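Just below is one structure, and these are the notes that go with it.
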2 protein chains.
Amino acid sequence: MPRAGLDPAAVTAAAAGLADEVGLANVTMGLVAERLGVRTPSLYKHVASQADLNRRIAALALVEVGDKLRDAMQGRAGRDALAAAAHTLRSYVVEHPGRYSATLPLNPQGPDDPIAIGGARVLESLAAVLAGYDIDPADTVHAMRLLRSLFHGFATIEAAGGFEMDTDVDKSFEWLIDFIDRGLKN
Amino acid sequence: MPRAGLDPAAVTAAAAGLADEVGLANVTMGLVAERLGVRTPSLYKHVASQADLNRRIAALALVEVGDKLRDAMQGRAGRDALAAAAHTLRSYVVEHPGRYSATLPLNPQGPDDPIAIGGARVLESLAAVLAGYDIDPADTVHAMRLLRSLFHGFATIEAAGGFEMDTDVDKSFEWLIDFIDRGLKN
DNA sequence: AGCTAAAAGCTAATAGAGTTAGCCAACGAT
DNA sequence: ATCGTTGGCTAACTCTATTAGCTTTTAGCT
């Protein structure tokens with residue numbers, strides 16, 4: 001019998017896909033193995049543990065979202081950049097709720113942890129958004145935290161089905177972008 | 001041997017305490033039982049399952065935070081009310097990260113689900129904050145979502161240790177309250 | 001006080017998930 | 001073609017949730 005030809009990336013990708021489909025909490029090692037056409041213990045040749053797998057999913061999500069953010073913001077500034085970043089982030093979380101939720105327990109184990117690297121890239125994009133506004137350098141870190149908290153919170157609540165009357169969530173999101181844009185212009 | 005005298009509330013309280021100490025994910029039925037001086041299966045006389053227990057923890061957290069919000073906002077309006085609500089929420093999440101994290105998978109099973117009731121009370125307090133500002137009624141729901149997303153996001157990220165340079169997180173939080181206050185005043 | 005039925009704990013047992021150990025076959029480099 | 005490495009498999013173990021069935025406390029009633 002030929003081999004399955006797996007590697008850590010393939011296992012991570014399968015797990016991430018499952019996470020989006022059934023929720024991160026329901027991603028079992030057995031389910032991942034089944035998806036890959038392999039027996040459960042075989043996974044341990046590629047990932048150290050389920051915790052390790054979750055960390056890899058988180059890193060994958062951060063890299064993906066970082067890439068999308070960078071792409072979406074090419075050549076944009078000010079309100080345009082803000083809107084692009086916001087929509088990109090929101091779309092990603094809605095499309096990939098499982099992988100995104102893996103990023104919540106942020107425990108980078110060091111500066112070269114893929115999670116830290118991916119996270120830093122996301123933060124770079126947020127910093128790029130702020131660069132389009134005239135902000136007191138002393139307030140930049142505060143503004144970064146504002147964006148991060150707001151987008152993360154909104155996306156998380158939406159992904160969890162936390163908003164009633166789903167109909168005008170889009171409108172709320174636009175309103176919210178506008179609110180931030182006006183505020184950042186002082 | 002006399003009985004332990006448990007009831008659903010006692011089990012929930014023990015589990016919530018453990019959640020704050022060791023993290024919700026590490027709250028095992030065995031651990032809860034041990035804390036209560038009882039054997040694991042005995043817990044099932046009071047709660048239906050671990051999922052049920054988690055829902056009870058979530059409901060408890062929402063009621064607690066709802067009460068604290070109500071108290072903190074007595075007689076305050078405008079910026080004062082906003083700051084009181086923000087600080088109350090943040091303190092609660094920092095002090096009770098475990099129980100709070102149980103509220104994330106919001107799936108109220110109906111209008112009389114304790115989770116829905118507790119959540120509604122929290123939302124009431126947020127609405128009271130907004131009542132202190134002059135907001136177009138059509139925008140109220142958007143503003144509610146703004147507050148909810150922002151506070152939830154900030155608290156979640158902070159509880160997860162997601163902010164570097166922890167020193168000035170307090171300052172960021174104040175800045176953020178100010179930002180929202182100014183924005184809500186149009 | 002004694003009786004009885006419900007409730008609360010306990011022990012024993014089952015099922016499912018993560019993980020480890022050790023075996024064997026496939027694959028790449030020589 | 002062969003040899004060492006690597007990837008996959010089976011078997012086995014642990015830990016956790018959950019159920020079944022038994023026993024005893026306990027509250028309410030007479």
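A, B, ... follow the sequence lines: proteins, then strands. Residue 1 opens every chain. Keep in mind that the numbers below use all heavy atoms, side chains included, and drop hydrogens, waters and symmetry copies. For clarity, every value in this text was computed on a predicted model and none was experimentally measured.
- With dT19(D), dA8(C), dG18(C) as the choices, the nucleotide that has an atom nearest any side-chain atom of Tyr44(B) turns out to be dT19(D).
- To the nearest angstrom, P of dG9(C) lies 17 Å from CD of Glu34(B).
- Atom CG in Leu36(A) sits roughly 14 Å away from atom P in dG7(D) (whole-Å rounding).
- Backbone-only engagement by Thr28(B) is indicated by non-hydrogen atom pairs under 4.0 Å involving sugar-phosphate atoms exclusively.
- Set against dG18(C), dC9(D), dA8(C), the side chain of Gln50(A) has dG18(C) as its closest nucleotide.
- For the pair Ser42(A) and dG7(D), the criterion of a side-chain N or O lying under 4.0 Å from OP1 or OP2 is not met.
- The side chain of Met29(B) sits closest to dA17(D) out of dC9(D), dA17(D), dT26(D).
- Between His152(A) and Tyr100(A), the distance separating the two ring centers is shorter than 6.0 angstrom.
- Judged by closest nucleotide on DNA chain D, Thr40(A) is the one of Thr40(A) and Thr40(B) placed further toward the 5' end.
- Of the candidate nucleotides dG8(D), dA11(D), dG9(C), dG8(D) has the atom lying nearest to any side-chain atom of Ala4(A).
- Note: NZ (Lys45(A)) to P (dT20(C)) measures 12 Å, nearest angstrom.
- In this structure, Glu21(A) places its CD atom where more than 12 heavy-atom neighbours from other residues, nucleotides or ligands lie under 6.0 Å away.
- Taking atom CG of Leu43(B) as the reference point, atom C1' of dT19(D) lies 14 Å away to the nearest angstrom.
- Judged by distance alone with a 3.5 Å cut-off, no donor-acceptor contact links the side chain of Arg39(B) to the base of dT11(C).
- Annotation: side chain of Arg55(B) is not in contact with side chain of Gln50(B) (no heavy-atom distance under 4.5 Å).
- Across the protein-nucleic acid pair, Leu6(A) atom CG and dC27(C) atom P stand 13 Å apart, rounded to whole Å.
- Distances from the side chain of Arg3(B) to the nucleotides dT11(C), dT24(D), dG8(D) place dT24(D) closest.
- Atom pair Arg35(A):CZ and dG8(D):P shows a separation of 17 Å (rounding to whole Å applied).
- Using a distance-only test at 3.5 Å, with no hydrogens or angles considered, no donor-acceptor pair links the side chain of Asp139(B) to the main chain of Ile135(B).
- Distances shorter than 4.0 Å separate none of the side-chain N or O atoms of His46(B) from OP1 or OP2 on dA7(C).
- Salt bridge annotation for Lys185(A)-Asp134(A): absent, with no cationic side-chain nitrogen under 4.0 angstrom from a carboxylate oxygen.
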